[in-house]
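On a predicted model such as this, the values are computed, not experimentally measured, just so you know.
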Amino acid sequence: MQKSECHGDTQLRSRVTGNDDQRTSSSPQRKPRTTVRSKSSSSSSASSPDAAIKVHPRPSDKLNPKTINPFGEQSRAPSAFAAVYSKGGIPCRLVHGSVKHRLQWDSPPENLSFDPLLITLAEGLRETKHPYTFVSKEGFRELLLVHDAPEKTVPLLPRLSPVLKAALAHSDDEVFERGLNALVQLSVVVGPSLNDHLKHLLTSLFKRLRDKKFKEPITNALQKLEQHGGSGSLIIIKAKIPTYCSISC
């Protein structure tokens, strides 16, 4: 009995010892598994969208929307004439024809007040886009053709003069040509009344005379100014443009 009990105790100890050995031998195997899990979690966090954005930022993130505007040209504030035209402040509309365009007035031009319509049309001479270019040029011309245009226009000369001066000083050649034609049209209507403002308008003409393509149209315009402004205009023209030859020569 004692031997069997001792034998049983020995087997029991061996079992216990064997289990302890298994636990001891298996414990080092758990560490690699723990390490593998930590690596996989770190790799997944690195591949997450947030981590990708931090490592590789999008080019658009570097842009400042307050200073970069791809639609800058279109988002500019409209000119004074364009703003008035878009709101219906010009009492005419453009009619497209097969050969040429024309204006259709809401009411006959002779029934319209020149103040401030004529000045607004003169401001439109500086426009460079259609339909503003045509509306301003043709509207200015047609308004000056009404029978009582002189009486309506002379009081506006102090305000018209700087507006025409701005068109004549414009860097765009077509704007200058429209301003030059408008100056001649104005001279035909108001005659010598323009002389008091003429000296402010001739500086730009003198500068443009250096360009050969404008020499003839400017000379013709000066002759018209002298013709309608009389001897007083000739004195002013010669003072500003000494090379001008009078029509009486």
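At a threshold of 4.0 Å, the pair D106-R93 does not count as salt-bridged, since none of the basic side-chain nitrogens sits closer than that to a carboxylate oxygen. Salt bridge annotation for D115-R159: present, with a cationic side-chain nitrogen under 4.0 angstrom from a carboxylate oxygen.
Contact check for N181 versus Q185: side-chain heavy atoms found under the 4.5 Å cut-off. In this structure the side chain of S79 reaches within 4.5 angstrom of the side chain of E127, judged on heavy atoms. Between Q104 and C92 the shortest side-chain heavy-atom distance does not fall below 4.5 Å. Residues F214 and R208 have side chains in contact (heavy-atom distance under 4.5 Å, counting atoms from C-beta outward). Within the 4.5 Å cutoff, the side chain of V95 has no heavy atoms near those of the L103 side chain. Contact check for N195 versus P192: side-chain heavy atoms found under the 4.5 Å cut-off. No side-chain heavy atom of L168 sits under 4.5 Å from any side-chain heavy atom of L202. Between L222 and I247 there is no side-chain heavy-atom pair separated by less than 4.5 Å.
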> For L183 and L194, what are the C-alpha separation, side-chain angles and deciding distance, and is it a side chain to side chain contact (heavy atoms under 4.5 Å, CB included)?
Replying inline: CA-CA 10 Å; L183 177 61; L194 185 61; 3.9 Å; yes
>> Between I90 and L121, is the side chain to side chain contact (heavy atoms under 4.5 Å, CB included) condition met? List the steps.
In response: CA-CA 8 Å; I90 309 298; L121 290 170; 4.2 Å; yes
>> Checking T133 against R178 for the side chain to side chain contact (heavy atoms under 4.5 Å, CB included) test, could you report, in this order, the C-alpha distance in whole Å, the side-chain angles of both residues, the deciding distance, and whether it holds?
In response: CA-CA 9 Å; T133 52; R178 288 195 292 271; 3.7 Å; yes
> Taking it one step at a time, do S187 and K224 satisfy side chain to side chain contact (heavy atoms under 4.5 Å, CB included)?
Replying inline: CA-CA 8 Å; S187 175; K224 295 289 182 60; 5.8 Å; no
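In terms of heavy atoms, L201 sits closest to S161 at CD2-O, 3.4 Å. The heavy-atom pair separating K152 from E110 by the smallest distance is NZ-O, 3.1 Å. G124 and S136 get closest at one heavy-atom pair: O-OG, 2.9 Å. Annotation for F114 and V146: closest pair CZ-CG2, 3.5 Å, computed over non-hydrogen atoms. Heavy atoms only, all atoms of each residue included: P162 and P158 are closest at CD-O, 3.2 Å. A pairwise comparison of heavy atoms in S193 and L157 identifies O-CD1, 3.5 Å as the closest pair.
Residue-environment remark: NE2 (H96) exceeds the threshold of 12 foreign heavy atoms within 6.0 Å. Crowding of E151 atom CD: a count of heavy atoms from other residues, nucleotides or ligands under 6.0 Å exceeding 12.
Checked by atom type and distance alone, the side chain of T219 pairs as donor or acceptor with a backbone atom of K215 at under 3.5 Å. Judged by distance alone, the side chain of D172 and the main-chain N or O of T128 form no donor-acceptor pair under 3.5 Å.
Note on V175 and L164: separate hydrophobic clusters, where clusters join Ile, Leu, Val, Met, Phe, Trp and Tyr whose side-chain heavy atoms are under 4.5 Å apart, directly or indirectly. Under the 4.5 Å side-chain heavy-atom criterion for Ile, Leu, Val, Met, Phe, Trp and Tyr, V84 and V163 are members of the same hydrophobic cluster. In terms of hydrophobic clustering, with Ile, Leu, Val, Met, Phe, Trp and Tyr side chains grouped at heavy-atom distances under 4.5 Å, L94 and L143 are assigned to a common cluster. The hydrophobic cluster containing Y132 also contains I119, counting ILVMFWY residues as joined when their side-chain heavy atoms lie under 4.5 angstrom apart, directly or transitively. Hydrophobic clustering (ILVMFWY, side-chain heavy atoms < 4.5 Å, transitive): V189 and V184 are in distinct clusters.
With sequence neighbours excluded, the residues forming a salt bridge (charged side-chain N to carboxylate O under 4.0 Å, His left out) with R141 are E138, listed by chain and number. For E142, the side-chain hydrogen bond (donor to acceptor under 3.5 Å, both in side chains) test picks out W105, with sequence neighbours left out.
By the 30° and 60° cut-offs, the orientation of the rings of H130 relative to H101 is tilted.
Because its NZ or CZ atom is not both nearer than 6.0 Å to the ring centre of F81 and within 45° of the ring axis, R126 does not count as a cation-pi partner of that residue.
In this structure, L225 CG and L205 CG are separated by 7.5 Å, a value rounded to the nearest 0.5 Å. I218 CD1 to E177 CD: the interatomic distance, rounded to the nearest 0.5 Å, is 9.5 Å.
Within the structure, the side chain to side chain donor-acceptor pair (under 3.5 Å) test picks out the following pairs touching residues 232-245 (sequence neighbours left out): E226-Y244.
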